[in-house]
Number of protein chains: 2
Amino acid sequence: MIKILLADDQALVRGALSALLAMEPDLEVVAEVGSGDLVVDAALEHRPDVALLDVEMPGMDGIAAAAALRGVLPEVKVLIVTTFGRPGFLRRALQAGASGFVVKDTPAAELADAVRRVHAGLRVVDPALAADSLVAGESPLSPRETEVLRAASDGSTAAAIAAKLFLSEGTVRNHLSSAIGKTGAATRAEAVLIATENGWL
Amino acid sequence: MIKILLADDQALVRGALSALLAMEPDLEVVAEVGSGDLVVDAALEHRPDVALLDVEMPGMDGIAAAAALRGVLPEVKVLIVTTFGRPGFLRRALQAGASGFVVKDTPAAELADAVRRVHAGLRVVDPALAADSLVAGESPLSPRETEVLRAASDGSTAAAIAAKLFLSEGTVRNHLSSAIGKTGAATRAEAVLIATENGWL
DNA sequence: TCTAGGCACTGACAAATGTCATGGCCGGAT
DNA sequence: ATCCGGCCATGACATTTGTCAGTGCCTAGA
């Protein structure tokens, strides 16, 4: 019997995944949480074999939760589930110690198998996504550029970003210009889009 | 026995919802599709009582599919499911003839009830979302402003938008300026954000 | 019929943006 | 010890953006 911890912020999806996994005779969902912050506590209490973590969650996201879980209970295997197949997500998930990475548009029948394979100590990675991850590579953005670009992602003006990050306005424009160049974009808005699609923010 | 048609582009979620509904003795999923374009065909073939449609789908979205379904098989009740509780979505869904509107973070246990209530001829609407919909009101943007703003949402420059929509660059800037004013934003990027959050695009 | 409002355009102006050259500071690699 | 790269900053420049005033066309409602 493989014991599973389920983390997804959307209650409906969480419950549905639970129902899906409950159909398998050898799987058992022992805990469900709706936030990344609750993962470690729930794992300590219910001692699952596998943790199924969504990336998109308020507060601590699935990848951060995976890293935290690894620090406390390294024997728990982590399988990351996500809506968006961003190359950067896969890279960061594996670096955080995840054993598997599944996108939400894989067939439902394969989820149980993925759980079993992860439990058996194997790696489970979407091959198409792995290829994307290789071509996209790591983020070309420096830490500061990433920070500035993220601050720009809500349409803030350069002056507003400068105030928020305690920088000069010219410096902000320089970082943005550099980010625009590295992403191959023409405007900051396009740079934000490209960086987001690649999971660099 | 209530017969259900399920439409969601994410196979994993679709399968999971199917498993969830299959646990109810009086519900039966008779068809599953992964695109809005397939909804009408599948409905004609399987004659469901209730159609459970996700809004976010490639090709024809859930709301358009609801309208199309209503034109062909008006006796089929439509229950819209969505990740994002955008006020504009609710309004458009109801105008398209949907009987219910459920957000994906409602508890899993309530989904079956929502299906039953919709089947019984009742309306099912998230109360919090309904309130939002009232305050947000209809989109203040004119058709042209909406079009221009949508074209700007990928970070395109004014010149690029003008070329795409066969407008003068000055006209594009005027429409954007007007949209910025109506949304209460300070920049076009912020206007895009606000319009998206309200479901106006 | 008149009128209001959406749509399109022009021209002009201030502000914001993107780029470039330049320089100083620091930490890690050679 | 030196060099390189990231980081912060300045100042200057051309371009883009956001705003405003004014014009005209067209359609739907009073």
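A note on names: the letters A, B, ... follow the listed sequences, proteins ahead of strands, and every chain is numbered from 1. Keep in mind that what you see is a predicted model, and the values were worked out from it rather than measured.
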inquiry  = Rounded at 0.5 Å granularity, tell me how far CG in A:Leu44 sits from CZ in A:Arg47.
reply    =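 Output value for this atom pair is 5.5 Å.
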message = Can you give me the bend angle of the helix from C:dT1-D:dA30 to C:dT30-D:dA1? Use the axis through the first five pairs and the one through the last five, nearest 10 degrees.
response =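 What I find for the helix from C:dT1-D:dA30 to C:dT30-D:dA1 is an axis angle of 30°.
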Tell me, please, which residues at least two apart from [X] pass side-chain hydrogen bond (donor to acceptor under 3.5 Å, both in side chains).
{"X": "B:Ser178", "result": "B:Glu145"}
{"X": "B:Arg116", "result": "B:Glu24, B:Asp26, B:Asp113"}
{"X": "B:Glu32", "result": "B:Ser18"}
{"X": "A:Glu169", "result": "A:Arg173"}

Residue pairs involving [range] (criterion salt bridge (charged side-chain N to carboxylate O under 4.0 Å, His left out); sequence neighbours excluded):
{"range": "residues 148-164 of chain A", "answer": "none"}
{"range": "residues 92-109 of chain A", "answer": "A:Asp8-A:Lys104, A:Asp54-A:Lys104"}
{"range": "residues 186-198 of chain A", "answer": "none"}

ask   = Of all of residues 142-155 of chain B, which get a heavy atom below 4.0 angstrom from DNA chain C, listed by number?
value =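 Residues of residues 142-155 of chain B that come under 4.0 Å of DNA chain C are, in numerical order, B:Ser142, B:Pro143, B:Arg144.
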request  = Among the candidates D:dA9, D:dT19, C:dG18, find the nucleotide nearest to the side-chain atoms of A:Ile180.
outcome  =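 Nucleotide nearest to A:Ile180's side chain: C:dG18.
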Name the pairs: protein N/O against N/O of nucleotides 24-30 of chain D, kept only if under 3.5 Å.
none

query = For D:dC8, does either OP1 or OP2 sit under 4.0 Å from a side-chain N or O belonging to A:His175?
reply =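 Yes, within the criterion.
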key: Residue-phosphate contact under 4.0 Å: B:Thr157 side-chain N/O, D:dT17 OP1/OP2   =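 Checking D:dT17 against B:Thr157, a side-chain N or O does come within under 4.0 Å of OP1 or OP2.
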All N/O pairs under 3.5 Å across the protein-nucleotides 10-15 of chain D interface:
from, atom 1, to, atom 2, distance (Å)
D:dT10, OP2, A:Ser168, OG, 3.3
D:dT10, O4, A:Asn174, ND2, 3.0

Below 3.5 Å between N/O atoms, which protein atoms pair up with nucleotides 24-30 of chain C? Just atom names and distances, please.
none

